[in-house]
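A short write-up of the structure that comes next.
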There are 2 protein chains.
Amino acid sequence: MGSTIEADRSAGALSAAIYHASGGELVMKNDKVSSNRMRFVSAEQVAQRAGVSRSAVSRTFTPGASVSPATREKVLQAAEELGYHVNDLARGVLNNQSRLIGIVATKPEVGFRAHLTAALAKMLIQRGSVPVLINTGETEEELLAAQKILIGHRAEATIIVSGSPPASFFELAKRNGQPVVMIGRAEPDADHVQAGNSEASEQAAAALIHAGRRRFAFAGSNSRTPAILERETAFVAAIEARGFSVRVVRGRDSDYDSGLVAARQLMAERQPLPDAVFCANDLIAFGLMDVFRLEAGLRVPQDVAVIGFDDVPQSGWLNYRLTTFRQDPDAMARRAVDLLERRVANPEGAPDVERIIPRIVLRDSFRPAE
Amino acid sequence: MGSTIEADRSAGALSAAIYHASGGELVMKNDKVSSNRMRFVSAEQVAQRAGVSRSAVSRTFTPGASVSPATREKVLQAAEELGYHVNDLARGVLNNQSRLIGIVATKPEVGFRAHLTAALAKMLIQRGSVPVLINTGETEEELLAAQKILIGHRAEATIIVSGSPPASFFELAKRNGQPVVMIGRAEPDADHVQAGNSEASEQAAAALIHAGRRRFAFAGSNSRTPAILERETAFVAAIEARGFSVRVVRGRDSDYDSGLVAARQLMAERQPLPDAVFCANDLIAFGLMDVFRLEAGLRVPQDVAVIGFDDVPQSGWLNYRLTTFRQDPDAMARRAVDLLERRVANPEGAPDVERIIPRIVLRDSFRPAE
DNA sequence: TCAGGCATTGCACGGTTGTGCATGGGAAGT
DNA sequence: ACTTCCCATGCACAACCGTGCAATGCCTGA
């Protein structure tokens with residue numbers, strides 16, 4: 001068994017066998033290779049089987065290279081029989097491009113981020129890239145560790161879906177000529193895709209006021225990510241600019257529990273409950289609606305209008321029917337990849353921004369007045 | 001500008017410059033390299049700056065290698081100044097292990113799968129591997145294309161979260177010595193992690209009967225994935241073994257809409273509605289509950305008891321409070337990685353199975369009798 | 001002071017692929 | 001039939017990194 005493989009190997013890589021043939025070491029080494037590691041088919045083996053040189057194999061799998069149909073056919077058949085696939089790693093080492101692209105995200109399983117990372121992965125694969133999902137924490141050390149993994153593997157670019165990287169992150173990427181695209185966070189030094197948070201907040205405020213609502217609240221979170229923050233400040237500003245006031249309540253993260261906390265905060269204060277709440281995202285809205293309906297006995301939208309943000313699939317569920325601002329994950333992924341391609345084509349240009357204005361989706365939790 | 005970079009390059013890689021210096025071609029090539037490709041720092045450049053040989057640099061970054069503290073310090077400083085990181089691609093080419101591990105999933109953003117893929121990614125990173133997320137369709141061609149990407153990049157292993165790969169998939173992996181671990185699907189030829197679907201179904205049936213329920217239904221889907229199928233057949237068998245009958249309704253996929261469809265199917269038939277429904281997963285249960293409550297005016301659990309499967313976070317939401325079987329994504333990821341490590345250590349062994357028995361989580365949608 | 005041993009370092013090679021260059025052969029034109 | 005040209009193919013080297021082997025230098029002990 002071992003000897004068969006050994007013979008096979010040394011036939012495949014003659015020079016290696018001759019070089020190492022000193023005192024039985026060869027057998028040891030090859031045995032280890034065949035048992036412990038993987039044994040991928042190499043271009044050399046295909047060449048031998050097809051009776052051509054290794055260059056011919058390489059050219060067969062290089063688009064636009066000059067190979068005769070006859071040898072091409074021989075090579076393809078030998079490759080098929082052996083199950084050969086070009087080693088993209090070695091190809092990457094050669095011309096310094098790995099096709100790897102990093103997606104850095106915190107909690108990529110939750111809410112809109114799940115859809116965004118999935119859309120990114122799908123789009124990158126279609127483009128011929130290889131998406132690497134780095135699921136990491138928010139802290140600077142963790143982000144830097146993620147970056148080191150990606151640089152170590154010579155990733156072509158990094159897409160940051162969440163988290164706020166330290167300056168050293170960008171410095172490191174820049175020095176290695178590695179483009180960085182951020183989604184949802186405005187970083188002056190990096191390309192980024194941004195949702196039109198302030199436009200949406202403005203629209204929500206105008207519609208609620210126009211529908212005759214008067215007691216306003218904003219349900220946000222203390223995680224203070226830029227997108228959440230922008231929605232809050234823009235909504236408060238828009239309401240106050242029209243002469244009304246807004247109560248702002250915040251949970252810890254930006255999830256369902258945050259919505260519970262926010263609603264209960266509003267109920268705890270000795271004031272009439274709001275008749276219109278704009279939530280920083282859909283998950284918060286669901287938590288808030290559940291508390292308002294089940295614990296305060298309110299009706300939505302008769303007693304209180306609720307507007308969310310993101311349009312995750314649950315917004316369409318019968319129980320919620322949430323009016324919200326649609327963020328299209330495919331569109332955002334598309335823009336991110338566009339930015340990335342433009343940056344690769346022109347590494348020296350100034351940072352670029354893609355801004356996507358979310359469109360409101362009307363459901364039962366609030367319908368604007370005619 | 002271009003000339004500066006060119007000088008820089010040729011200083012860094014003298015031999016290359018000399019070799020290629022024939023008729024101005026050098027400038028062209030280097031210009032292209034510096035503008036179009038990335039320019040990572042190589043060990044050679046660090047060696048030059050530190051005034052040592054390239055081997056010394058390599059040894060500095062190889063744990064357990066023999067380097068004097070003095071040169072080590074020089075190398076580390078030069079590496080720091082240049083922003084050097086070991087090229088894991090080239091390292092992988094050398095000893096035939098890339099640290100890349102593929103996660104193949106269909107719709108990785110939805111339901112329990114989102115949690116599972118996220119847990120896998122986190123665990124693989126902690127282990128020092130690099131998770132590649134292949135978001136692909138269910139068809140055989142798409143799965144095969146995913147596999148080709150992974151083999152091309154010499155991924156060490158593939159973890160299949162969803163989808164039913166063709167036989168050629170396993171053949172290809174086997175021939176390349178690439179371990180395949182499947183989650184949730186029993187494949188006779190591959191290692192897999194499996195949830196104890198039949199045990200859970202049995203437990204659900206027994207508890208519902210013991211609580212005095214008599215009109216049973218199972219809400220599944222026509223996607224016919226093995227896990228869904230196993231839950232259905234085991235539940236039906238368990239109920240019928242005790243002398244009762246079960247109505248089985250199915251939607252298209254295994255999501256919320258499927259629950260809507262299932263519930264409306266039950267309502268359309270001219271029979272009394274069931275007083276106990278076991279759902280193939282939580283999402284189906286949510287859809288079913290929404291229809292039963294909002295369209296049929298039923299109360300849960302008084303009129304109908306509902307049990308789900310997976311325990312996604314929404315099961316704890318106030319509006320649902322769903323009794324369900326908990327699948328721990330971290331535990332499943334842990335087992336998958338365990339399988340993988342055992343397979344790498346012993347490539348020739350027989351296929352192995354890790355079976356995880358889900359634990360029931362009691363909430364308001366059904367409480368068993370004392 | 002000399003010799004021996006040990007630690008360290010440089011050299012060259014292994015493992016992949018792509019590609020410039022030279023060459024050989026076949027086809028076509030005269 | 002000879003010459004010319006072009007296409008294809010093999011050779012060698014580029015790009016990375018780790019590591020065995022040999023040599024060198026330093027330190028210590030006698």
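Chain letters run A, B, ... following the sequence lines, proteins first, then strands; residues in each count from 1.
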Dump every N/O contact between nucleotides 6-10 of chain D and the protein below 3.5 Å, one line per pair.
from: dA8(D); atom 1: OP2; to: Ser66(A); atom 2: OG; distance (Å): 2.6
from: dT9(D); atom 1: OP1; to: Ser68(A); atom 2: OG; distance (Å): 2.7
from: dT9(D); atom 1: OP1; to: Thr71(A); atom 2: OG1; distance (Å): 2.9
from: dT9(D); atom 1: OP2; to: Ser68(A); atom 2: N; distance (Å): 3.4
from: dT9(D); atom 1: OP2; to: Thr71(A); atom 2: OG1; distance (Å): 3.2
from: dG10(D); atom 1: OP2; to: Ser53(A); atom 2: N; distance (Å): 2.8
from: dG10(D); atom 1: OP2; to: Ser53(A); atom 2: OG; distance (Å): 2.5
from: dG10(D); atom 1: N7; to: Arg59(A); atom 2: NH2; distance (Å): 3.2
from: dG10(D); atom 1: O6; to: Arg59(A); atom 2: NH2; distance (Å): 2.7

Whole-Å distance separating the [atom1] atom of [X] from the [atom2] atom of [N]:
| X | N | atom1 | atom2 | result |
| --- | --- | --- | --- | --- |
| Leu89(A) | dA15(D) | CG | P | 18 Å |
| Glu44(B) | dG10(C) | CD | P | 12 Å |
| Asn95(A) | dT16(C) | CG | P | 18 Å |
| Arg91(B) | dC16(D) | CZ | C1' | 12 Å |
| Leu94(A) | dT19(C) | CG | P | 7 Å |
| Asp88(A) | dA15(D) | CG | P | 21 Å |
| His153(B) | dT16(C) | NE2 | P | 17 Å |
| Gln97(A) | dA15(D) | CD | P | 16 Å |

Practice item. Check for a donor-acceptor pair, side chain of Arg343(B) on one end and backbone N or O of Gly349(B) on the other, with a separation under 3.5 Å. Key: yes
Practice item. Look only at the side chain of His153(B) and the backbone of Ser98(A), and say whether a donor-acceptor pair between them is shorter than 3.5 Å. Key: yes
Review point. Side-chain N or O of Tyr84(B) less than 4.0 angstrom from OP1 or OP2 on dC16(D)?
Key: no
Check your understanding: When rounded to the nearest 0.5 angstrom, what distance separates CZ in Phe169(B) from OG1 in Thr158(B)?
Key -> 5.0 Å
Point to revise | salt bridge (Lys or Arg N to Asp or Glu O under 4.0 Å) pairs, two or more places apart, involving residues 61-89 of chain A | key: Arg49(A)-Glu81(A), Asp88(A)-Arg91(A)
**Study point:** Beyond-backbone contact of Phe61(B) with Leu76(B), side-chain heavy atoms, under 4.5 angstrom
**Key:** yes
**Study point:** Sugar-phosphate only, base, or nothing, as touched by Thr62(A) at under 4.0 Å among non-hydrogen atoms
**Key:** sugar-phosphate
**Study point:** Closest nucleotide among dC16(D), dT16(C), dT19(D) to the Ser58(B) side chain
**Key:** dT19(D)
Review point. Would you call Arg342(A)-Asp338(A) a salt bridge at under 4.0 Å N-O?
Key: no
Which donor-acceptor pairs under 3.5 Å do the side chains of residues 117-135 of chain A make with protein atoms, sequence neighbours left out?
from: Thr117(A); atom 1: OG1; to: Arg113(A); atom 2: O; distance (Å): 3.0
from: Thr117(A); atom 1: OG1; to: Ala114(A); atom 2: O; distance (Å): 3.0
from: Arg127(A); atom 1: NE; to: Glu341(A); atom 2: OE2; distance (Å): 2.7
from: Arg127(A); atom 1: NH1; to: Ser129(A); atom 2: OG; distance (Å): 2.6
from: Asn135(A); atom 1: ND2; to: Ala118(B); atom 2: O; distance (Å): 2.9

